[in-house]
Amino acid sequence: MMGSEILMVVDAVSREKGVAKEVIFQALEAALATATRKRHKGDIDARVAINRDTGAYDTFRRWEAIPDETEVVEFPDRQIKLSEARARKADIQVGEFIEEPLEPVEFGRIAAQAAKQVIMQKVREAEREQVVKLYEERKGEMVTGVVKRMERGDVIVDLGNAEALLSKTAMIPREGLRPGDRIRALLEDVKSIPRGPQLFLSRTSPKLLAELFKLEVPEAGEGLIVIHGAARDPGLRAKIAVSSTDPRIDPIGACVGMRGSRVQSVSNELAGERVDIIQWSDNPAQFVINALAPAEVRSIVVDEELHSMDVMVDEKQLSQSIGRGGQNVRLAGELTGWELNIMTEEAATEKGAQEASKATMLFMESLAVDENVATVLVQEGFSSLEEIAYVPKQELLAVEEFDEGLVEELRNRARDALLTRAIAQEEKINLAEPAKDLLEMAGMDETTARMLASHGIKSMEELAEQAVDDLLGFEGMTEERARELIMTARAPWFENREGA
């Protein structure tokens, strides 16, 4: 291949494929080096350098410098000991190469074919890199494409200048997509991988619902209406929380549109998914009441510590509040971020009575007080020893039946009871002796090992059998720490399997 021909090939391929000329030059150099190695006997290494201006090329045979301590030179045709290499090039270092010119060989059809394959591979790689660069910044955005083909239940979508994968798990259930259908989807992920798809779409993401409303509702696109979140049961039902930055705009009315035109357009795009538009509120209880619509809420009890709410409804409203298969309450919980317990007022009264009775017994036993004092504490809203021990004294003095002497005595007794409980827990941990393998396990410390042992997990084998959720209730245990410990404990399982 003459120099001018090389320049013509580089120019033509670069223009046709939209790939930088340097990428084509490097591909040709790699192909020519491969062809040179094939033409020579032995396992030699070769390098080809093409002049970017003239297209002429030089060929070199090269040897890699390896340490002198290497007893056996594994590849004598392309490796050389450092001392020997320095006799030819004084400043060479280990890992560098010495070269000598090699007579370029005439390339025939086979060499040209090899060059073509390398060029096409490099071109494909460059094209894939361009796709990643083009879409990397669009991750999380909505894209529009045409269904191109189906592959084992997954859908390949043509986005115009790239193909994307809509996997079976990211499709709306029972949605019959066919080649030629135009769809909108969320660009969920962009990965730079050598083979297979790089762009991953989702039709089930709650964010897609928000993006569709921004498209259909101009006020949302302009920021006059704020979308605070969405929750979906794909293809069936969804909830979206909205508010307005302009008091003159009704956010729900704007999202519904004239005769429901806007919400209907969104629903049609999502295979008929029914969408409830919820008025957002910065008051969590009010937000939950709105989210449970159309069911009417009688009252709510908020538990900040457990981040849950007991929601009381009329018995006739119970099934509507919960929804088919728990759908309504589940979506409302996802939208608001609170765990919701729906119950009738009778059930709530019963639950309250049980909790009051439990708290009364706790105070009678732990504070050594009679039923009257314990009942007063419960009626005043106290439910734990910690509250009595550490709330401001004024809160207890505000109770009509209590004087300062009684309050001080109650606080001291509560603190003593808490201290006794802590000592008992500490002794329980100290008495529980973990096995040697658990104590010596990688990533384990003695305090954690004794804490696990106090809960009946005394060996690596017993730890390996646990699930992450089983450990989350333990003091100071995070999900990441629990997962790490369990996987370390399970390591011998995998080693045994590989060795079998």
Side-chain angles (χ1 to χ4, degrees), residues 169 204-206 231-233 284 288 301-311 322 325-327 329-343 347 350-351 354-355 357-359 361-362 365-366 383-387 417-500:
T169 53
T204 57
S205 169
R232 293 178 62 194
D233 194 348
V288 166
V301 177
V302 180
D303 187 332
E304 294 277 0
E305 194 177 327
L306 294 175
H307 203 67
S308 69
M309 294 191 196
D310 289 345
V311 183
I322 295 170
Q327 186 187 66
V329 68
R330 186 176 71 251
L331 290 175
E334 285 176 25
L335 185 68
T336 59
W338 287 78
E339 184 182 332
L340 305 179
N341 308 310
I342 307 290
M343 59 184 71
E350 191 179 324
K351 182 182 178 186
Q354 287 174 352
E355 287 176 353
S357 174
K358 191 176 173 185
M361 291 299 294
L362 169 72
E365 289 172 11
S366 301
S383 59
S384 69
L385 294 173
E386 285 83 1
E387 287 175 335
L418 288 170
L419 182 61
T420 303
R421 186 196 291 173
I423 291 169
Q425 182 64 26
E426 190 67 34
E427 285 176 354
K428 184 182 174 187
I429 290 175
N430 291 336
L431 287 170
E433 195 61 42
K436 188 180 178 186
D437 67 343
L438 188 67
L439 276 168
E440 295 177 354
M441 189 182 92
M444 182 62 71
D445 58 81
E446 188 174 347
T447 304
T448 305
R450 290 192 179 281
M451 184 266 292
L452 290 170
S454 73
H455 289 88
I457 304 167
K458 297 183 179 180
S459 66
M460 275 181 69
E461 183 68 24
E462 286 171 342
L463 177 56
E465 289 168 354
Q466 306 302 310
V468 172
D469 289 347
D470 297 334
L471 304 190
L472 286 184
F474 298 173
E475 189 180 345
M477 186 66 69
T478 64
E479 187 173 343
E480 189 178 346
R481 172 76 167 145
R483 186 177 291 109
E484 184 184 305
L485 289 172
I486 291 169
M487 291 313 294
T488 305
R490 288 178 182 174
W493 292 1
F494 303 112
E495 287 167 14
N496 294 341
R497 198 175 298 164
E498 286 169 9

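Values below: every heavy atom of this structure, side chains too, minus hydrogens, waters and symmetry copies.
Not counting sequence neighbours, the partners of E339 by the side chain to side chain contact (heavy atoms under 4.5 Å, CB included) test are S308, N341. In this view, E304 and V302, W338 satisfy the side chain to side chain contact (heavy atoms under 4.5 Å, CB included) rule, not counting sequence neighbours.
H307 places no side-chain N or O within 3.5 Å of a backbone atom of D303 that could act as its donor or acceptor partner.
The side-chain heavy atoms of M441 and L485, taken from C-beta on, include a pair separated by under 4.5 Å. Counting only heavy atoms from C-beta outward, the side chains of E479 and L471 never approach each other to under 4.5 Å. For the pair T448/R481, a side-chain contact is recorded, criterion being any heavy-atom separation below 4.5 Å from C-beta on. Annotation: side chain of M451 is in contact with side chain of M477 (closest heavy-atom distance under 4.5 Å).
For the atom pair OG1 (T336) and CE (M309), the distance works out to 6.5 Å, reported to the nearest 0.5 Å. From R483, atom CZ reaches atom CD of E480 across 8.0 Å, with rounding to the nearest 0.5 Å. Interatomic distance, L439 CG to M444 CE, rounded to the nearest 0.5 Å: 8.0 Å. We find the CE-CD1 distance between M460 and I486 to be 12.5 Å, quoted to the nearest 0.5 Å.
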Apply side-chain contact (heavy atoms from CB on, under 4.5 Å) to the pair R450 and E446, showing each step before the final yes or no.
-> CA-CA 6 Å; R450 290 192 179 281; E446 188 174 347; 3.0 Å; yes
Take M487 and R490 through the test side-chain contact (heavy atoms from CB on, under 4.5 Å) and record every step on the way to the result.
-> CA-CA 5 Å; M487 291 313 294; R490 288 178 182 174; 4.3 Å; yes
Pair M343-D310, side-chain contact (heavy atoms from CB on, under 4.5 Å): steps then yes or no | CA-CA 7 Å; M343 59 184 71; D310 289 345; 3.9 Å; yes
I would like to know whether I322 and Q327 meet side-chain contact (heavy atoms from CB on, under 4.5 Å); could you show each step before the answer?
-> CA-CA 7 Å; I322 295 170; Q327 186 187 66; over 6 Å; no
Got a list of side-chain donor-acceptor pairs under 3.5 Å for residues 462-469, not counting sequence neighbours?
{"unit_1": "E462", "atom_1": "OE1", "unit_2": "K458", "atom_2": "N", "d": "2.6"}
{"unit_1": "E462", "atom_1": "OE1", "unit_2": "S459", "atom_2": "N", "d": "3.3"}
{"unit_1": "Q466", "atom_1": "NE2", "unit_2": "E462", "atom_2": "O", "d": "2.9"}

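Taking every heavy atom of both residues into account, L438 and I457 meet most closely at CD2-O, 3.6 Å.
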